[in-house]
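Encoded as structure tokens, the structure appears first; notes follow it.
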Amino acid sequence: DLAILDMLSAPTLPDFKGPYRRRDADLDPLMLAAAAASPHITRNHYAHDFFPGVEDPRQESSYDWTNWKPEDAESRMQRKPRLKYVSRQAPRSERLRKMGLCSEKENGREAAEPLRAAENLPPASPKESRYTSHAAPDSAPSTLLPAHQSPKPPLEVKCMARTRVPTPHGPIFLHLYHNNHDSKEHLAVVVDPAQLEEESSPIRAPPIRSQSLDAVWSEDETDMDRITRGAYVGRLSAKSQVPSAPSNQHPNVTTDSIPSPLVRIHSECFTGETIGSMRCDCGEQLDEAIRQISQPITVPGPSPSSPSSTIPGRGAVVYLRQEGRGIGLLSKIRAYNLQDLGHDTVTANLMLGHKADERGYEIAAAILKDLGLGTEAGEGVRLLTNNPDKVQALEQEGIRVVERVPMVPRSWQCRQHDDALQQGNRTVEEMMKKPAGATMIGGGAVYGEDLDKYLRTKVLRMGHMLPL
């Protein structure tokens, strides 16, 4: 079953050479159904069979008609009678008829006589499909929705609050977003320390600010209302309290000589970020993303003979609340147990009835647009990722990705496992120590057998662009 599951879930059909091994056991239909990743198939679909003894421990060979023997009359008499469930609920039409609420009509209409036109019937309409796509002709493909569900309204995001947070890599601005598609509070970590400089300082790059946050929310809002939610400029203090203006009033700054902002789309990972799990490198990736975005940027001079200068690093990390590649923390913990049994992260998700990756990036794209990043009129973005599907998904949502920047694990960058074995006098743990970072892992590196298996699975089965 695992060999068939690997074949069905691999990115490309493997080139299998040689005969298939003979199977003496029945195929596990649940595994094959999980490979299809259909949300409408559960294990209950496979709890029935035509053989009378299935799921009866007394009939060990019930799958083989030649070995199954029915019970004789004497055995049936000695067996205790089974309790039968008798429904006391009649059909709805009969119950309504007894209550006097329904006459002899079909669907509330008088039945038409044979060969007679029924003028009172509405015109026939084509039968709707069970699933209806509500995507616009020019928009990206959307998820098919059941016909009985109303289509979701156009996605809207709104930055509800913004504040300055000091980190080991420098100050960041934390933005909290609400949207009309889910009840989760997604975040944006904006690295743009130039906004904390005094107003007299020259503006070298356009500020990364939320348009919805700086907008006027109501006619009677006060300056303190705006400042409280984070719509201010400069450094907020007891002596400096300057509310911001709407984004359309910000000065235009040319960015021809300035590299595009570095952006990372990061999905929530409680185990990797909070308790330092080494099953994945999510905590390390979050810290590394903030560190790389915070690095100073070298800007060439106006002429070839002019010296270059540096400006503070700028960019953003969009933090989406989609734990475990979208399956949630509960299923993720169960998937860890399946991984301990020998399955990889993709197979574990499929065995639980999930897809290998259930994440979506439409909310991330909307947040980037609200920050003025990746739009046609604004700046393009350099995307920090190894996942080509993420690049494609953002481009389908209208984000202009000008460059993909690889996210190489720290333990792979220096090959410190090999260095530790060669030197012999230093342990891997000692060599991994680095300055403090933004997560439980901090500035260190994640390493170990579980991580190596996880990374290889991402490369071999999910198409991540990393050299093994």
Side-chain angles (χ1 to χ4, degrees), residues 1-2 4-11 28-47 143-146 149 152 179 181-187 265-286 318-364 385-387 389-390 393 439-441 446 448-464:
D1 293 335
L2 292 179
I4 295 178
L5 184 62
D6 289 339
M7 180 185 69
L8 294 176
S9 59
D28 187 349
L30 183 60
M31 294 287 291
L32 301 181
S38 174
H40 307 288
I41 297 179
T42 65
R43 65 177 67 246
N44 295 325
H45 287 78
Y46 301 96
T143 305
L144 297 180
L145 298 174
Q149 293 185 1
K152 292 183 178 180
N179 69 89
H181 277 197
D182 61 37
S183 59
K184 300 178 181 179
E185 293 181 331
H186 303 281
L187 304 169
I265 310 299
H266 187 88
S267 297
E268 178 183 21
C269 179
F270 169 81
T271 53
E273 299 159 6
T274 306
I275 60 178
S277 168
M278 291 194 177
R279 288 182 181 265
C280 64
D281 58 342
C282 300
E284 174 188 307
Q285 285 185 338
L286 179 59
V318 179
Y319 189 91
L320 299 177
R321 312 302 291 270
Q322 42 187 12
E323 177 79 43
R325 297 201 301 274
I327 68 175
L329 185 57
L330 175 61
S331 295
K332 177 181 176 180
I333 294 175
R334 292 172 175 172
Y336 279 173
N337 292 330
L338 294 177
Q339 292 177 31
D340 286 340
L341 295 177
H343 308 290
D344 58 40
T345 178
V346 172
T347 303
N349 280 22
L350 298 178
M351 292 176 67
L352 293 174
H354 298 288
K355 298 179 181 179
D357 193 342
E358 296 187 355
R359 293 175 294 182
Y361 300 103
E362 60 277 0
I363 295 179
T385 184
N386 301 322
N387 189 355
D389 295 338
K390 188 180 296 185
T439 63
M440 180 70 177
I441 297 299
V446 183
E449 180 181 354
D450 292 318
L451 176 67
D452 291 341
K453 181 179 178 181
Y454 173 76
L455 293 175
R456 291 184 63 86
T457 302
K458 291 171 69 174
V459 173
L460 298 178
R461 303 196 61 185
M462 304 182 70
H464 285 214

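Residue numbers count from 1 along this sequence. Side chains are part of it too, since the values below use all heavy atoms of this structure and drop only hydrogens, waters and symmetry mates. These figures come from a predicted structure and were not determined experimentally.
- Between the side chains of Y319 and E273, at least one donor N or O lies within less than 3.5 Å of an accepting N or O.
- In terms of modelled atom types and a separation under 3.5 Å, the side chain of E284 and the main chain of D281 share no donor-acceptor contact.
- By the 4.5 Å heavy-atom criterion applied to side chains, V318 and L187 are not counted as neighbours.
- Side-chain contact, R325 with T345: a donor N or O sits under 3.5 Å from an acceptor N or O.
- Note on R359 versus D357: salt bridge recorded, some NZ/NE/NH1/NH2 to OD/OE distance being below 4.0 Å.
- A distance of 12.0 Å separates CD of Q322 from SG of C269, quoted to the nearest 0.5 Å.
- Here D340 pairs with R279 under the salt bridge (Lys or Arg N to Asp or Glu O under 4.0 Å) rule; sequence neighbours left out.
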Exercise answer: donor-acceptor pairs, residues 328-335 side-chain atoms, under 3.5 Å, sequence neighbours excluded:
| from | atom 1 | to | atom 2 | distance (Å) |
| --- | --- | --- | --- | --- |
| S331 | OG | H354 | NE2 | 3.1 |
| K332 | NZ | T271 | OG1 | 2.8 |
| K332 | NZ | E323 | OE2 | 2.6 |

Test log, rule side chain to side chain contact (heavy atoms under 4.5 Å, CB included), inputs L341 and M351: CA-CA 12 Å; L341 295 177; M351 292 176 67; over 6 Å; no
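- With values rounded to the nearest 0.5 angstrom, H266 atom NE2 is found 4.5 Å from L286 atom CG.
- Rounded to the nearest 0.5 Å, atoms CG (D344) and CG (L338) are 10.5 Å apart.
- One finds the CD1 atom of I327 at 4.0 Å from the CG atom of N349 (value rounded to the nearest 0.5 Å).
- The shortest non-hydrogen separation linking H181 to K152 is NE2-CB, 3.7 Å.
- Residue A364 comes nearest to I265 through the heavy atom pair CB-CG2, 3.9 Å, listed as atom of the first residue, atom of the second, then distance.
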